[in-house]
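Below, chain A is the first sequence line, B the second, and so on; all start at residue 1.
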Number of protein chains: 2
Amino acid sequence: MPPRDSQRDQAELVILSLLEDGSRYGYAISKEVASRSDGMLRMTPGVLYPLLKALEADGLISSTWEEVKADDADPDDAGRKRKWYRLSAKGRKRLAQRVAAHRAWRAVIDAFIGERPEKEGAS
Amino acid sequence: MPPRDSQRDQAELVILSLLEDGSRYGYAISKEVASRSDGMLRMTPGVLYPLLKALEADGLISSTWEEVKADDADPDDAGRKRKWYRLSAKGRKRLAQRVAAHRAWRAVIDAFIGERPEKEGAS
DNA sequence: GACAGATATATCGTGACGCGATATATTGTC
DNA sequence: GACAATATATCGCGTCACGATATATCTGTC
């Protein structure tokens, strides 16, 4: 019953975190995850798109198709369609929960490996 | 190819950490993990024993059967046999690797969720 | 205009593995 | 004798991560 720290949960945490920072489309997420983690995390299509779908089904994110306009920042991709995802209010709450869970989890593991827990300041 | 942060890896990290602190037998490990994590981590038999077996097969830990003596600290269990596990030199190395991997992983996740990374001091 | 490669979204099959259920044995207690 | 706790161990099955694959558009180049 207690929540396990599944890869799924970690992936969810990362995606919701990115979207809190601003809306993104799928491919951008996969690229940003890879670059910001220096290749340690990978969001391959087989993982990313099913997850985005599930997150949307849960109402944590919403999506809209957008046509890239020629006068946009990136004129190269004029005409191409992208599916933009944005965080919902529910998703924001879930993110807060996931972050709290991650912190609790981290504290437990750190205690086991004898890591100094660094004082956990108030919110 | 880059290592994923599987539950298996986390379980391994926890067990090796416990054994670095001193030899233990299986059941004690499961109880200690539960109590020290306040129930967040669970080492059920279906997880623990296969894992211990695998760790021993890898030479990371070694084991010996010990008969509980009546003059031991816990006289209630006189006659009962326990399988004591201790960390090997190889296991100690692996533990160091796992700890390093955990720290790296944690730093990546923390960066995503905008956690202040707390300066990573030298060893 | 044909081909390669990057961009972009999406699904499907399966192989691995987490772990609940189960088995066995001993000791203690009611 | 029945039940609970201690203690180790295995097996099977359901789930899930993710590689492989498919589709489509744009750019560059020969």
What's the [atom1]-[atom2] distance between [X] and [N], to the nearest Å?
X: B:Arg82; N: C:dT24; atom1: CZ; atom2: P; result: 23 Å
X: A:Arg42; N: D:dC18; atom1: CZ; atom2: C1'; result: 9 Å
X: B:Met43; N: D:dT8; atom1: CE; atom2: P; result: 14 Å
X: A:Glu67; N: D:dT25; atom1: CD; atom2: P; result: 11 Å
X: A:Leu48; N: D:dC16; atom1: CG; atom2: P; result: 18 Å
X: A:Gln10; N: D:dC16; atom1: CD; atom2: P; result: 15 Å
X: B:Leu52; N: C:dC19; atom1: CG; atom2: P; result: 15 Å
X: B:Glu12; N: C:dC17; atom1: CD; atom2: C1'; result: 15 Å

- Message: Quick one about B:Asp110 and A:His102 (side-chain donor to acceptor, distance below 3.5 Å, no hydrogens or angles considered), yes or no?
- Response: yes

### Query
In terms of side-chain heavy atoms, does B:Thr64 have a donor or acceptor partner in B:Arg86 at a distance below 3.5 Å?
yes

Quick one: is [X] getting a side-chain N or O under 4.0 Å of the [N] phosphate, OP1 or OP2?
X: B:Tyr49; N: D:dT8; result: yes
X: A:Lys31; N: C:dA6; result: no
X: B:Tyr25; N: D:dT8; result: no
X: A:Tyr27; N: C:dT7; result: yes
X: A:Lys53; N: C:dT9; result: no

Testing D:dT8, C:dG18, D:dC18 for proximity to the side chain of B:Val47, the answer is C:dG18

Between A:Arg106 and A:Glu115, does any side-chain N to carboxylate O distance fall below 4.0 Å? no

Judged by nearest nucleotide, the residue sitting upstream toward the 5' end of DNA chain D, A:Gly46 or B:Gly26, is B:Gly26

The reported gap from NZ in B:Lys93 to NZ in B:Lys90 (rounded to nearest 0.5 angstrom) is 9.5 Å

So OG of A:Ser63 and CG of A:Leu55: to nearest 0.5 Å the spacing works out to 11.0 Å

Under 4.0 angstrom, heavy atoms only, what part of the nucleic acid is B:Trp65 near: base, sugar-phosphate, or nothing?
sugar-phosphate

